[in-house]
Amino acid sequence: MSESLAITKLSDLANPTRFLGLASRVLPWLSAVTAILFAAGLYLSFAGEGDYQQGLTVRIMYVHVPAAWLSMMCYTVMALSAIGTLVWRHPLADVAHKTAAPLGAAFTLIALATGSLWGKPMWGTWWVWDARLTSVFVLFLMYLGLIALNRAMDDPGKAARLCAILILVGFVNIPIIKFSVDWWNTLHQPASVIRMGGSSIDGSFLRPLLVMALAFTMLFFTLHIAAMRNEIWRRRVSAQRRMAARMAGDKPGLTTEMST
Amino acid sequence: MRLIAENLSARRGEDLIFQGVSFALSGGESLVLTGKNGSGKSTLLRVVAGLLRPESGTVTWQADTGDKGMRAAEACHYLGHRNAMKAELSVHENLTFWQQFFGHSPQGKSLSVDEAADAVGLGDITHLPFGYLSAGQQRRMAFAKLLVSFRPVWILDEPTAALDVSAERVFTGLIESHLRNGGILIAATHQPLGLKNAQELKMAGFAGIAEEVW
Amino acid sequence: MAALLLRDLKLSVRAGGGALIGVLFFITVVAVIPFGVGPDLNLLSRIGPAIVWIGALLSALLGLDRMFQTEREDGSLDLMLMQEHPLVLTVLVKCLAHWIGNGLPLVIASPLLGLFMNMDEVAIGATMLTLLVGTPALTFIGAVGAAVAVTLPRGGLLVSILVLPLAVPVLIFGVSASYAAVEDPAPFLPPFLILVAITMFFAVLGPLGAALALRNADD
Amino acid sequence: MSHTFYIAMSYGIAGLVSLCLIGWVWLDGRARRRELAQLEAAGIRRRSATSPAPEGGKA
């Protein structure tokens with residue numbers, strides 16, 4: 001994945017200007033690859049015939065499962081950037097996890113929406129408190145909390161460090177939440193819940209699923225790099241505005257002399 | 001004992017407030033920071049007190065007892081704009097808490113709570129809750145906090161702000177006695193403290209955007 | 001350290017603001033439920049432990065943002081950051097003082113509310129025990145939220161949003177332990193021991209995260 | 001049971017959210033470039049940009 005490559009060669013990406021140049025070159029290619037992958041994925045998922053048991057609704061899985069994987073992966077990317085912020089105090093890492101939060105929240109929203117849409121024909125209710133769906137919902141709350149925290153502070157440097165701490169504390173808690181939700185689920189729900197997807201799928205369904213997953217991943221990286229570029233521009237604009245304000249402040253008040 | 005700062009630079013928000021500040025202070029010396037508001041005096045004091053991480057440069061403390069690895073902040077008292085006292089607790093409780101919390105360092109002499117209160121001229125009202133005192137009295141009590149537990153370095157951020165002349169005289173007397181028995185002082189102030197051989201550092205303030213981070 | 005604990009306890013007794021509000025909020029939240037759910041006694045007794053636990057969780061979150069805010073406003077937070085005591089220890093002591101000031105009153109008030117929810121003695125005992133073990137976990141993990149929100153002008157609400165997802169496991173195991181004590185099939189010990197384990201884990205993670213946040217929060 | 005409705009809905013929602021994301025990122029980028037252009041016009045350049053030819057991130 002190009003994102004982990006970008007994080008490993010940290011040193012030469014040190015200043016954002018080089019990142020901007022790189023992003024401008026890479027973005028057209030990335031969007032083209034994403035478009036192709038989506039076209040292939042959609043064709044494959046609609047060409048295959050329905051599953052004998054779930055009927056056509058298996059097609060919802062082609063969207064739901066990649067989105068759920070992506071929401072997990074996005075939080076991992078944010079945790080990596082959080083380490084970059086706290087340990088190496090890398091300005092690019094601040095930008096990375098600040099821009100990844102809205103993307104993660106959006107993909108988690110897709111996962112929740114498609115999950116409940118899948119639940120309706122299967123179990124007859126819009127929202128079923130299934131273990132996986134519930135932990136994705138808690139993850140969604142964590143994303144919203146992080147976005148709210150990031151927007152609540154004006155100094156971007158401090159905001160990034162505090163968000164990084166919260167991301168890491170949250171990251172450590174994900175297994176505990178997962179375990180407690182599974183425990184809570186088996187306690188109240190009869191174990192007859194049909195396993196939603198997972199590796200027990202035979203070949204004919206796996207191929208479209210993988211293609212769609214790859215398409216979603218590429219979409220995430222394209223949007224993430226573009227959003228990071230926007231954030232760098234936003235910070236550059238605010239830095240220059242501050243400089244403009246300061247320069248204006250230093251010049252003597254010409255207008256006052258003319259008026260007296 | 002010496003307090004050495006090399007090539008300090010610090011940033012407030014996104015802007016670089018000062019660059020390349022260095023000084024070295026040994027026993028009995030004092031450094032006075034002057035400059036208009038917002039010129040980085042408080043920021044420099046907070047960096048020396050270890051409350052703010054500097055952009056570059058280091059603050060090192062060489063104690064004559066030679067125990068290495070002691071952060072510079074642990075040898076300092078910091079008196080900021082706020083008094084760090086609880087209004088509900090009585091003055092005596094406040095000062096005894098800070099005495100126990102600071103712990104008594106072996107070198108110098110730490111005054112008892114009542115001696116410290118007498119030293120700032122408010123010996124008889126230590127039983128009153130802190131909230132009942134006037135602003136000047138509260139400031140004096142905050143200063144008494146420096147006396148209850150000995151620390152070689154005093155970092156004062158505009159100690160004499162909003163004080164009457166008599167209180168100022170008390171403060172300068174205490175500062176001079178601190179310097180006489182080998183203490184170090186770093187103060188940011190507008191009115192001259194009337195210290196004799198004090199080094200002076202003029203803070204210019206804004207020193208340019210943090211070099212091209214964005 | 002002991003001095004800090006004593007001072008904070010004196011403060012929470014004398015100032016009394018935070019603790020009282022927490023317990024009052026707890027009582028009002030739980031007392032209001034029957035108005036909504038209806039006075040049907042066996043329904044109330046069935047959802048009793050859950051309601052008491054949810055009330056305790058919400059009122060614990062309520063008092064969190066005052067934990068470091070008062071210290072920062074009067075400047076003593078700066079002095080605490082400078083001392084040679086490890087900051088994690090100072091934060092741990094502050095969490096303990098905050099729990100004794102805010103968490104313990106909730107535990108003491110829970111039997112009274114158990115009667116409101118028509119719970120029998122075993123259920124009240126179990127809920128009280130699980131609250132006794134669970135509320136410190138809320139304070140410890142809440143300390144991270146409080147430390148992060150210390151520099152925010154209106155950080156109070158944000159703390160509860162940030163801490164709620166992290167407090168879900170505590171709620172799940174607390175309620176399932178108190179239910180397990182009442183219905184015989186489910187054993188009481190496993191969820192209870194997991195709850196204890198979570199509290200221990202948060203006792204380490206909370207102060208560590210909060211100390212890191214306080215170090216980075218200075219302006 | 002009309003599965004097609006649920007399938008259409010789920011792909012619809014997924015598509016809608018993705019399009020909103022793409023739109024937001026694209027519009028945000030355009031707004032930032034416009035602000036940068038305004039600053040450029042007002043003669044405020046980055047210090048390193050003044051010496052070499054002023055570079056702008058062209059998407």
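Chain letters run A, B, ... following the sequence lines, proteins first, then strands; residues in each count from 1.
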Considering only distance and modelled atom types, tabulate donor-acceptor pairs under 3.5 Å from the side chains of residues 171-181 of chain A, sequence neighbours left out.
residue: A:Asn173; atom: ND2; partner: A:Val169; partner atom: O; Å: 3.1
residue: A:Ser180; atom: OG; partner: A:Ile176; partner atom: O; Å: 3.2
residue: A:Ser180; atom: OG; partner: A:Ile177; partner atom: O; Å: 2.8

Q.
Using heavy-atom distances under 4.5 Å, tell me whether C:Leu208 contacts chain A through its side chain, its backbone, both, or neither.
A. neither

Q) Is it the side chain or the backbone of A:Leu166 that comes within 4.5 Å of chain C heavy atoms, both, or neither? A) side chain

Q: Kindly say whether the aromatic ring centers of A:Trp183 and C:Phe173 come within a distance under 6.0 Å.
A: yes

Q) Where on C:Leu212 is there a heavy atom nearer than 4.5 Å to chain A: the side chain, the backbone, both, or neither? A) both

Just distance, no hydrogens or angles: give the donor-acceptor pairs under 3.5 Å from side chains in residues 46-61 of chain C, sequence neighbours left out.
residue: C:Trp53; atom: NE1; partner: C:Thr130; partner atom: OG1; Å: 3.1
residue: C:Ser59; atom: OG; partner: C:Gly55; partner atom: O; Å: 2.7
residue: C:Ser59; atom: OG; partner: C:Ala56; partner atom: O; Å: 3.3

Q. Is there a donor-acceptor pair closer than 3.5 Å between any side-chain N or O of C:His98 and the backbone N or O of C:Met67?
A. no

Q. What orientation do A:Phe140 and A:Phe137 show, parallel under 30°, tilted 30 to 60°, or perpendicular over 60°?
A. tilted

Q: Would you mind telling me which of C:Val175, C:Ile198, C:Leu162 has the largest number of heavy-atom pairs within less than 4.5 Å of chain A?
A: C:Leu162

**Q.** Largest heavy-atom contact set with chain A, pairs under 4.5 Å, which of C:Val163, C:Ile141, C:Leu158
**A.** C:Leu158

Q. Among C:Gly145, C:Pro165, C:Ala147, which has the most heavy-atom pairs under 4.5 Å with chain A?
A. C:Pro165

Q) Does some side-chain heavy atom of C:Val168 sit less than 4.5 Å from a side-chain heavy atom of A:Trp184? A) no

Q. Quick one: what part of C:Leu164 sits under 4.5 Å from any heavy atom of chain A, side chain, backbone, both or neither?
A. neither

Q. Using non-hydrogen atoms only, which part of C:Val144 is less than 4.5 Å away from chain A: side chain, backbone, both, or neither?
A. side chain

